[in-house]
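Beneath this line is the structure, given in C-alpha cells, with notes to follow.
Letters A, B, ... are given to chains in the order of the sequence lines, protein chains preceding strands, and every chain is numbered from 1. As a basis for the values below, the full set of heavy atoms in this structure was taken, side chains included, without hydrogen atoms, waters or symmetry mates. Computed from a prediction, not measured in an experiment: that's the story for all the values here.
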Amino acid sequence: MQLADKYSPENLEQKWYDFWIENNLFHSEPDEREPYTIVIPPPNVTGMLHMGHMLNNTLQDVLVRRARMQGKNACWVPGTDHASIATEAKVVAKLKAEGIDKSTLTREEFLAHAWEWKEKHGGIILQQLRKLGASCDWERTCFTMDEARTAGVIKVFVDLFRKGRIYRGVRMVNWDPSALTALSDEEVIYKESQGKLYYLRYMIEGSDKYIVVATTRPETILGDTALCVNPNDERYKWLPEDARVIVPLVGRSIPIIRDEYVDLEFGTGALKVTPAHDVNDYMLGEKYGLESIDIFNDNGTINDKVGLYVGVERFECRRIIEGDLTAAGLMERVEPYTNNVGYSERTGVAIEPKLSMQWFLSMEELAKPATKAVLEDIIKFVPAKYKNTYRHWMENIKDWCISRQLWWGQRIPAYYLPKGGYVVAETAEEALALAREKDASLTMADLRQDEDVLDTWFSSWLWPISVFDGLRYPDNDEIKYYYPTNDLITGPDIIFFWVARMIMAGYEYRNEKPFGNVYFTGIVRDKLGRKMSKQLGNSPDPLDLIAKYGADGMRVAMLMSTSAGNDVMFDEGLCEQGRNFCNKIWNAYRLVNMWSVDETLPQSDACREAIEWFDEVMTERIARIDDEMRQYRISDAFMELYRLFWDDFSGWYLEIIKPAYQAPADAKTIARTKYYFDQLLRLLHPFMPFVTEEIWQDLKPEKSCISIVVAQQPKSERKANEQILARFAVAQEVVSSIRNIRKQKNIAQKESITLNYIADDNYPLEYEAVIAKMGNISSITATTEKDATAAAFMVKTTQYFVPMEGKIDKEAELEKLHADLEYLEGFLASVMKKLSNERFVSSAPEKVVANERAKQADAEAKIAAIKEQIKALA
RNA sequence: GGGAGCAUAGCUCAGCUGGUUCAGAGCAUCUGCCUUACAAGCAGAGGGUCAGGGGUUCGAAUCCCUUUGCUCCCACCA
C-alpha cells in the first residue's frame with residue numbers, strides 16, 4: 001500500500017467515527033463483565049462546544065476507551081442539561097428580537113416556543129463531541145427534562161416533601177431582577193465593584209440634631225424601618241432611650257434600636273435598617289419585630305409602597321436620590337468606596353436581596369453521609385485538596401432554595417386549594433385525591449398548581465441515577481449493573497452546585513456513592529493565563545482547531561498541558577505538537593511497512609540486541625503507564641508514551657533494525673517489530689483514537705478483531721530486567737559520545753570510523769552491534785594501549801578511542817582532560833567528605849552509604865584513567 | 001475576615017516515602033545536517049542560588065517556622 005508522507009486527518013476521522021458507530025462499538029448492555037461507567041457532565045442543551053468541554057471530554061474518552069480495552073464493559077452516558085435559567089433567557093431574548101414579549105404569552109405558549117428552540121438548537125453540542133472522537137453510547141443519550149428524568153425529579157420532590165425535607169416559606173433570597181427569579185446562594189458571584197459611600201443625615205424627631213449614617217445604597221432609605229447603633233458606642237450615649245429619627249426625604253419616623261451587631265469602626269457607627277433589602281437587616285428586623293417594607297418591583301424598579309420615585313429603575317433611583325438628598329441638605333458627604341456586590345451567575349445583573357415565598361430543601365441530614373464518604377475516601381477526590389473545600393461547605397451547609405420563577409423546567413408538583421393550604425403529589429389526579437381528604441367537594445378545577453419550576457440542579461443532582469432510570473425503577477437491571485459509576489470528570493467550579501449534591505442524592509436514593517473517583521480538571525486559560533472568554537475573544541473555536549490539526553492533535557494538546565486540578569495554559573503550539581506526533585506515528589508505520597521481508601535472511605546481531613532491549617523497555621513502560629493511569633496522572637502517562645514512541649521506538653529501535661536502503665529485513669525481526677507496533681498502537685489508542693485506528697486497520701495484527709476500539713490493552717506481567725536496561729543505556733551513551741566526536745571533528749555520519757576501547761571488567765562492553773550500527777563503526781577493538789592520537793571519551797569507567805590519524809588538537813584535548821579532571825576531583829572530594837563523616841556512615845541507610853562508596857570507586861578509576869591519558873598525550 | 005494552594009530552565013510543568021531517576025521533561029532558543037520514514041524530521045549544545053531568610057537533620061527542591069509575591073474557594077460590615 002502506498003502511503004502519503006504526511007498524515008492527513010481530514011477524511012479519515014469521519015470515516016472511522018462512522019465505522020465505530022456502524023459497528024455499534026460504543027454501545028453497552030449489562031452483561032457478565034465488570035462494568036466501567038462514566039456519566040457525562042451534561043452540557044447546556046443549547047450550548048456550544050468550548051475549550052473546557054474539549055479538555056473534560058478528552059479526559060473522559062481516554063478513561064472510557066482504556067477501560068474498554070481492558071476488557072471492561074465500558075459505558076459512557078451522554079446527555080444534555082435543560083439549563084433552566086440560561087435557556088429561558090435565550091428564548092426570551094429570541095422572542096424579544098421577534099417583537100414578542102414574554103409577558104404577553106401564556107405558560108403553554110412560551111413553552112411551545114422553548115421546545116421549538118430546544119429541538120432546533122438542542123444537542124448540537126453532542127454532535128460536536130463526535131468530532132472529538134468521544135466514544136459515548138449515543139443510544140443512551142438523556143436530557144434532564146425528558147420524560148424519564150422529569151418523572152424521577154417529580155418523584156424525588158414528592159418523596160422529600162413527605163419526608164419533611166422540603167418546606168415552603170418566606171425568606172430573604174437572592175433575586176435576579178432581570179430573569180425575575182430567585183437564585184440559590186451558589187448562583188451568586190461576588191465581585192469587587194467601584195461604588196460610593198453616602199453619608200446621610202437622619203434628623204432626630206423633635207430636635208435640630210441629626211445622626212449621620214453611611215450607606216452604599218441610599219435608594220433603600222425608602223424601606224428604612226429603624227436606625228441602629230451599638231449600645232457601647234460613646235458617641236450615641238446622649239441619645240434618649242426612646243429617640244426616633246426621620247428618614248430623609250421620606251419623612252417617616254423610625255425608632256433607634258441598639259444592637260452589638262453594629263461595628264463601631266465602620267462609617268459613623270450608625271446603621272440604617274432596611275429589613276426587606278438586606279440579609280443582615282432582615283435578621284435585625286426579625287429580632288426587634290421591625291416592619292419590613294419591600295420597595296422594589298420584581299424587575300428592580302421602585303414600587304408604589306412609599307409613593308416616591310415610583311417606577312424608577314434602582315440604579316437610576318440611586319443617582320436621582322443623591323441629587324435630591326444634596327438639594328435637601330441631608331447629604332453630609334460622599335466618598336468613593338469599593339465593596340463586594342453579588343451578581344447573577346447567568347444574567348450578570350446585580351442581585352437584589354428580596355423577601356419572597358420560596359421552596360427550600362433542608363440539607364443538614366442529606367449532608368451527613370455525603371460528607372463522610374469523601375472524608376473517608378470512599379469517594380476519592382483527585383486532587384485531594386478539594387476535600388477541604390468540600391468539607392467546609394458541607395459542614396456549613398445552608399438550605400437550598402430550589403424554586404425558580406421561570407417556566408422552562410420541572411414545574412413544582414404542589415397544588416393549592418381554594419381555601420388555603422396545598423397538597424403535593426406526583427400527578428394532578430393524586431393531588432386531587434389528597435385534596436379530597438381535606439375537602440370532599442373539591443374538583444380538579446379547584447386545584448391550582450404552583451407556578452414555579454425547580455432549579456436545574458435539582459434534576460442534575462440525580463443524573464448518575466436518573467440516566468439509568470433508577471428513580472422510577474430502583475430495581476431495574478441497568479441501575480443495578482452500572483451504578484455506582486466509576487469516575488466523574490468535572491471542574492472544581494461546580495463542586496457545590498453539582499458534585500456535592502450528586503453525592504447526597506446518591507446516598508439518599510441508592511444508599512450508595514454515585515461514583516468512586518472525582519477527577520477535577522482545571523480551567524482552560526490562554527497562554528497569558530487569562531480565562532478564555534467571548535468578551536476577550538481569546539477563546540479559539542475547538543472545531544476550527546480540530547479542522548486544522550485533527551482531533552488527535554487537539555486531544556494531545558489537551559493531554560500534554562493538564563494535570564488534575566491545575567489550570568491549562570492553552571497554546572495553539574500544543575496542537576501543532578500533537579499533529580506532529582500523529583505524523584511521527586504515521587511515518588514510523590510507513591517505514592516499517594515499506595521493508596521487504598527475506599524469509600531466509602538470518603537475524604543480525606544488532607536486530608537481536610535491539611529486540612532483547614526493547615522487550616524490556618515495553619515491559620517497564622507499560623507498568624509505568626498503568627501506574628500513572630491508576631493515579632490519574634493522565635498527562636504523565638501520555639508523556640511517557642510520547643517518549644516511548646518517539647525516542648525509544650522511533651529514535652533507537654527502528655534506527656537499529658532499519659535495513660540498508662532497499663535491502664530486505666529478516667522475517668523474525670519484522671514480525672517482532674510489527675508486534676511492538678501493534679502494542680504501541682493499543683497503548684496510544686485511548687489518547688489518539690483516529691490515527692491509531694487508521695494504522696491498526698492496515699496492520700491487521702488480529703484478524704478476528706474488528707477494531708482497535710475493542711482490542712485489548714497490553715499488560716505488563718513481569719518485572720523488567722533492570723540489568724538489560726542499564727547496560728543498553730551504557731551503549732546509548734557510547735553512541736551519543738561518538739556523535740559528539742563526529743560533530744566536534746566534523747566527521748559525517750556517512751563516513752565510517754573505528755573504535756578502540758580499554759576493556760573494563762566492571763563494565764563489559766555490550767550491545768556492540770548496536771553501537772556499531774548507530775555509530776557507523778566499521779570495527780570495535782579491545783586494546784590495552786592508550787592512544788594519544790585518538791579522540792578519547794569515557795563512559796562509566798571505560799575509555800574509548802576514535803583513531804584520528806593525527807587530526808587531533810593536542811592542546812584542546814589536554815584542556816578538556818584537565819577540565820574533566822578538575823570536575824572529577826571536586827566530585828570525589830564531596831563524596832569523600834560524606835564518607836569521612838562518622839555520623840553519615842553510621843546513620844544513613846546501608847544502601848546510601850554503599851552507593852557513595854561506589855561513586856568513590858568510580859571517580860577514582862576515572863581520575864586514574866584521565867591522568868594516564870594526560871601523561872600519554874603530553 | 002476565614003480557609004486552601006502555588007513560587008523549580010525563557011515558557012508550561014514533573015520531582016510521590018528527605019539520600020543516583022536530583023537538579024529533570026516537553027516546548028522554545030542556538031549550532032550542524034534537504035542522511036531514501038518523517039524538515040510536521042535528525043544530531044548536538046546552552047540555560048536553574050529550586051522566590052528570600054531562618055531552623056530540624058549526617059544529609060533539604062523535598063520537613064518546620066518566617067518574609068515576600070501570586071492564585072483559588074468561602075464569608076459579605078452597611
Side-chain angles (χ1 to χ4, degrees), chain A residues 3 5-7 185 188 190 197-198 213-217 220 228 261-274 278-281 337 339-342 383 385-393 396 492-493 495-496 522-523 527 529 549 553 560-563 565-571 573-574 576-595 631 633 635-636 639-640 642-643 646 650-651 654-655 658 660-662 735-736 739-740 742-744 746 748-750 776 833-834 837-845 847-849 851-852 854-855:
Chain A
L3 298 166
D5 67 351
K6 291 262 188 292
Y7 173 69
D185 295 341
V188 181
Y190 286 89
L197 193 57
Y198 303 84
V213 174
T215 179
T216 53
R217 302 199 57 192
T220 62
C228 187
Y261 163 75
V262 178
D263 183 356
L264 293 167
E265 304 301 318
F266 189 90
T268 60
L271 171 74
K272 63 193 264 323
V273 183
T274 321
D278 183 280
V279 181
N280 297 300
D281 291 12
Y337 187 70
N339 69 336
N340 269 342
V341 178
K385 66 177 176 183
Y386 289 111
K387 276 167 78 175
N388 280 323
T389 313
Y390 178 84
R391 192 240 293 256
H392 183 260
W393 190 74
N396 297 285
D493 50 330
I495 187 167
F496 308 134
I523 297 165
K527 61 178 165 183
Y549 300 101
M560 296 233 262
S561 52
T562 177
S563 55
N566 284 351
D567 287 355
V568 171
M569 301 297 166
F570 181 79
D571 181 347
L574 290 168
E576 204 179 326
Q577 204 183 332
R579 179 202 60 182
N580 293 356
F581 187 38
C582 292
N583 197 47
K584 186 73 190 177
I585 298 169
W586 179 255
N587 275 294
Y589 183 65
R590 279 180 66 220
L591 177 69
V592 171
N593 197 49
M594 72 171 32
W595 294 331
Q631 295 177 64
R633 301 168 71 103
S635 186
D636 291 342
M639 194 47 82
E640 198 74 61
Y642 180 88
R643 280 152 58 189
W646 202 306
S650 302
L654 289 181
E655 289 298 335
K658 186 187 207 171
Y661 182 52
Q662 287 191 332
V735 171
S736 163
R739 284 170 177 165
N740 253 320
R742 282 182 180 279
K743 178 137 181 146
Q744 282 161 20
N746 241 321
Q749 175 68 19
K750 280 184 206 158
N776 191 12
K833 195 178 159 200
K834 267 193 200 175
N837 182 338
E838 190 94 3
R839 303 194 58 185
F840 169 72
V841 180
S842 57
S843 28
K847 221 176 87 185
V848 175
V849 177
N851 212 307
E852 290 302 313
K855 274 155 103 176

Rounded to whole angstrom, note down the [atom1] distance from [N] over to [M].
N: G54(B); M: U49(B); atom1: C1'; result: 16 Å
N: G47(B); M: A28(B); atom1: C1'; result: 12 Å
N: G19(B); M: A60(B); atom1: C1'; result: 10 Å
N: G3(B); M: U12(B); atom1: P; result: 29 Å
N: A43(B); M: G26(B); atom1: P; result: 12 Å
N: A7(B); M: C13(B); atom1: P; result: 10 Å
N: U62(B); M: A51(B); atom1: P; result: 8 Å
N: C72(B); M: U31(B); atom1: C1'; result: 44 Å

Find the distance [X]:[atom1] to [N]:[atom2] and express it as a whole number of Å.
X: Asn587(A); N: C34(B); atom1: CG; atom2: C1'; value: 15 Å
X: Gln577(A); N: C27(B); atom1: CD; atom2: P; value: 5 Å
X: Arg643(A); N: G26(B); atom1: CZ; atom2: C1'; value: 8 Å
X: Glu655(A); N: U36(B); atom1: CD; atom2: P; value: 12 Å
X: Lys743(A); N: A43(B); atom1: NZ; atom2: P; value: 11 Å
X: Asn746(A); N: U31(B); atom1: CG; atom2: C1'; value: 12 Å
X: Ile585(A); N: G41(B); atom1: CD1; atom2: P; value: 12 Å
X: Asn580(A); N: A39(B); atom1: CG; atom2: C1'; value: 10 Å

OP1 or OP2 of [N] sitting under 4.0 Å from any side-chain N/O of [X]?
X: Arg742(A); N: U35(B); result: no
X: Trp646(A); N: C42(B); result: yes
X: Arg579(A); N: A40(B); result: no
X: Lys834(A); N: G19(B); result: no
X: Lys6(A); N: A37(B); result: no
X: Ser650(A); N: A37(B); result: no
X: Tyr198(A); N: A78(B); result: no
X: Tyr190(A); N: C72(B); result: no

| Parallel, tilted or perpendicular: ring planes of Phe496(A) versus Trp393(A), cut at 30 and 60 degrees | parallel
Review point. Relative to the ring of Phe581(A), is the ring of Tyr642(A) parallel (under 30°), tilted (30 to 60°) or perpendicular (over 60°)?
Key: tilted
Could you tell me whether [X] contacts a base, only the sugar-phosphate backbone, or nothing, with contacts defined as non-hydrogen atoms closer than 4.0 Å?
X: Gln744(A); result: nothing
X: Asn837(A); result: sugar-phosphate
X: Tyr549(A); result: nothing
X: Pro492(A); result: nothing
X: Thr215(A); result: sugar-phosphate
X: Tyr7(A); result: base
X: Asn566(A); result: sugar-phosphate
X: Lys855(A); result: base
X: Val262(A); result: base
X: Lys847(A); result: nothing

Proximal nucleotide (of [options]) relative to the [X] side chain:
X: Lys584(A); options: G44(B), G19(B), A37(B); result: A37(B)
X: Thr389(A); options: C73(B), C58(B), C13(B); result: C73(B)
X: Asn740(A); options: C58(B), A4(B), A45(B); result: A45(B)
X: Arg839(A); options: A37(B), U57(B), G44(B); result: U57(B)
X: Arg633(A); options: C13(B), C16(B), C27(B); result: C16(B)
X: His392(A); options: C74(B), A37(B), A40(B); result: C74(B)
X: Lys385(A); options: A4(B), A25(B), A37(B); result: A4(B)

* Distance-only polar pair, side chains of Asn587(A) and Arg590(A), donor-acceptor under 3.5 Å -> yes
Interatomic distance, NZ@Lys743(A) vs CD@Gln749(A), rounded to 0.5 Å, equals 12.5 Å
With the side chain counted from C-beta on, respond yes when [X] and [Y] share a heavy-atom pair under 4.5 Å apart, and no when they do not.
X: Val841(A); Y: Glu852(A); value: no
X: Gln577(A); Y: Leu574(A); value: yes
X: Asn776(A); Y: Arg742(A); value: yes
X: Asn837(A); Y: Lys833(A); value: no

Would you say the base of C76(B) and the side-chain of Asn340(A) have a donor-acceptor pair closer than 3.5 Å?
yes
Sort out the partner of [N] for me: Watson-Crick or G-U wobble, both distances under 3.5 Å, none otherwise.
N: U17(B); value: none
N: C72(B); value: G3(B)
N: U62(B); value: none
N: C30(B); value: G44(B)

By nearest-heavy-atom nucleotide on RNA chain B, the more 5' of Leu264(A) and Ser561(A) is Ser561(A)
The residue, Leu271(A) or Met594(A), whose nearest nucleotide of RNA chain B is more 5′ is Met594(A)
Closest heavy-atom pair, Gly553(A) versus Cys582(A), reported as atoms and distance to 0.1 Å, is N-SG, 4.1 Å
>> I'd like to know if the side chain of Asn583(A) and the backbone of Lys6(A) have a donor-acceptor N/O pair within less than 3.5 Å.
In response: no
